[in-house]
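Below is one structure, written out as structure tokens; the observations come after it.
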Amino acid sequence: RKVAIDASMCLYQFLIAVRSEGAQLTSVDGETTSHLMGTFYRTIRLVEQGIKPAYVFDGKPPDLKGGELAKRAERRDEAQKLLQAAEEADIVYLLGNAEDVEKFNRRLVKVTKTHAEEAKQLLQLMGIPFIDAPCEAEAQCAALVKAGKVYATATEDMDALTFGCNVLLRRLTFSEAKKMPIQEFHFDKVLEGLELNHNEFIDLCIMLGCDYTNSIKGVGPKRAIELIKTHRSLEKIIENLDTKKFPIPKDWNYKQARLLFQEPEIIDPETIDLKWTEPDEEGLVKYLCGDKQFNEERVRNGAKKLHKARNTSTQGRLDTFFKVLSSPNPLKRK
DNA sequence: AGTCTGGCTCAAGACGCG
DNA sequence: GTTTCTTGAGCCAGACT
DNA sequence: CGCGTCC
């Protein structure tokens, strides 16, 4: 089974989570290796389960996202200051605030171009395909699913549904599968359950608060559902809304936001040829064990696992883990 | 009473030995 | 050529019906 | 499983 994965999101998680004593894993020259560690072993795991992953990297964010990104930058600056304060306190007291330093450090993490390039190089050596999306990765993933190039998108981000991704898998990482089952969402079932069509669903998501616009104060999940079901479009909702109780945000650019969901900038999936090839064991050893100082035995072992899984078409084993969820509670967005 | 929103916080991986 | 890019979940206060 | 370790 072929599955599309938002690479940036994975890298972000690895950079935050893969740590030892609060610090990222690094090679001797101080270069971070957490993202490579995570990508290498998780991908092997997936392939061993008969899954063929294709990683999708973000391109440039849409202009409309500027406001949201500015907010994030602001939060980052704030964390930076707090971090500095905590560090200084540490120097003074030599103990105590270590966990604060750690906490703020995590909040400062961002995925750089270099992280992405290194991950791509690794995937190349592993024989795993990847794509550079022109814009939002989730949009490109959704397009791949729609075109039948992959079976599903594996993500924690519900925006994939808004982009029209038919099948969405949550918690595809198996180490946690012990605690939490894999969830499989089918967009058509979700729409059925909500009794909405795709465009109405998009308008709903805009009201619930997407990255592209502000939302209406006082309107949360309950009211939003109510509104979309009675009026069926943002235009009608605005016409009929008591704007004294629920003021429409100034310069509310919902039409453009809607367009970004309906017609996102993507590469035509038909021009994309996903190929899973033999892993380059020697290349992997050279790359990971040379500069990055991974354990050679582990890397060779990983390469062999990739090779083996590739040549034994054990598919289907996975199906038993899947639970198909249609409409339980997609309100859980923000 | 109960309902709903909004602002706050936190947490986020994987391997392998015992 | 400079910048770049992820989220859900839970808990609690407070406004409103 | 729990927990130290991965780099």
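Just so it is clear: chains get the letters A, B, ... in the order the sequence lines come, proteins before strands, and each one is counted from 1.
- In this structure, A:Arg42 does not reach the B:dG13 phosphate: none of its side-chain N or O atoms is under 4.0 Å from OP1 or OP2.
- Whole-Å rounding puts the A:Gln24 CD to B:dA14 P distance at 16 Å.
- To the nearest angstrom, P of C:dG8 lies 11 Å from CD of A:Gln13.
- Donor-acceptor pairing under 3.5 Å is recorded for the side chains of A:Gln24 and A:Thr32.
- To the nearest angstrom, P of C:dG8 lies 16 Å from CG of A:Leu169.
- One interatomic measurement links the two molecules: CZ of A:Arg298 to P of B:dC17, which rounds to 9 Å at whole-angstrom precision.
- Nearest to the side chain of A:Asp211, among C:dT4, B:dT5, C:dT7, sits C:dT7.
- Counting non-hydrogen atoms under 4.0 angstrom, A:Gly218 reaches the backbone sugars and phosphates but no base.
- Checked by atom type, the side-chain pair A:Thr39/A:Tyr55 shows no donor-acceptor distance below 3.5 Å.
- Relative to the side chain of A:Asp157, the nucleotides C:dT7, C:dT4, D:dC7 differ in distance, and C:dT7 lies closest.
- If you check every strand for non-hydrogen atoms under 4.0 Å, A:Asn295 touches sugar and phosphate atoms only.
- Residue-level contact check: A:Lys292 touches the backbone only, with heavy atoms under 4.0 Å from sugar-phosphate atoms and none from bases.
- Which of C:dT4, D:dC7, B:dA14 sits closest to the side chain of A:Met37 comes down to D:dC7.
- Dashed line: the shortest gap from a side-chain N or O of A:Arg107 to OP1 or OP2 of C:dT7 is not under 4.0 Å.
- Rounded to whole Å, the distance from CG on A:Leu122 to P on D:dC7 is 14 Å.
- Regarding A:Met207, its CE atom lies at a distance of 13 Å from the P atom of B:dG6, rounded to whole Å.
- With distances taken from any side-chain atom of A:Arg223 to the nucleotides C:dT7, B:dG13, B:dT5, the minimum falls on B:dT5.
- Base pairing of B:dG6: its partner is C:dC12, meeting the Watson-Crick or G-U wobble criterion (both donor-acceptor distances under 3.5 Å).
- Pairing of B:dG13, defined by two Watson-Crick or G-U wobble distances under 3.5 Å, is identified with D:dC6.
- Within the 4.0 angstrom heavy-atom criterion, no nucleotide atom of any strand lies near A:Val28.
- Put simply, CZ on A:Phe104 is 13 Å from P on B:dA11, counting in whole angstrom units.
- Here B:dC4 is the nucleotide among C:dT7, B:dC4, B:dA12 with the atom lying nearest to any side-chain atom of A:Lys222.
- Listed nucleotides D:dC6, C:dT7, B:dG13 differ in distance to A:Ala17; the shortest reach to its side chain belongs to B:dG13.
- Atom CG in A:Leu46 sits roughly 12 Å away from atom C1' in B:dA14 (whole-Å rounding).
- Residues A:Arg19 and A:Ala224 both approach DNA chain B. Their nearest nucleotides, taken by heavy-atom distance, put A:Ala224 toward the 5′ side.
- Residue-level contact check: A:Lys217 touches the backbone only, with heavy atoms under 4.0 Å from sugar-phosphate atoms and none from bases.
- Cation-pi geometry between A:Lys110 and A:Tyr12 is not met at under 6.0 angstrom from the ring centre and within 45 degrees of the axis.
- Under the 3.5 Å distance criterion, with hydrogens and angles disregarded, a donor-acceptor pair is assigned to the side chains of A:Glu184 and A:His186.
- Nucleic acid contact for A:Thr155: none, since no nucleic acid atom lies under 4.0 Å from a heavy atom of the residue.
- The A:Arg45 side chain lies nearest to B:dC15 when the options are C:dT17, C:dC5, B:dC15.
- Comparing A:Asn301 and A:Tyr12, the nucleotide of DNA chain B nearest to each residue sits closer to the 5' end for A:Tyr12.
- No hydrogens or angles considered: nothing links the side chains of A:Asn253 and A:Thr213 as a donor-acceptor pair under 3.5 Å.
- Taking the six-membered ring where tryptophan is involved, the planes of A:Phe201 and A:Phe187 are perpendicular, since the angle between them exceeds 60° and thus also 30°.
- Within the shown strands, nothing qualifies as a pairing partner of C:dT4 under the Watson-Crick or G-U definition with both distances less than 3.5 Å.
- Base contact: A:Thr26 has a heavy atom under 4.0 Å from a base atom.
- Remark: the A:Ser27 side chain and the A:Asp29 side chain contain an N/O donor-acceptor pair separated by less than 3.5 Å.
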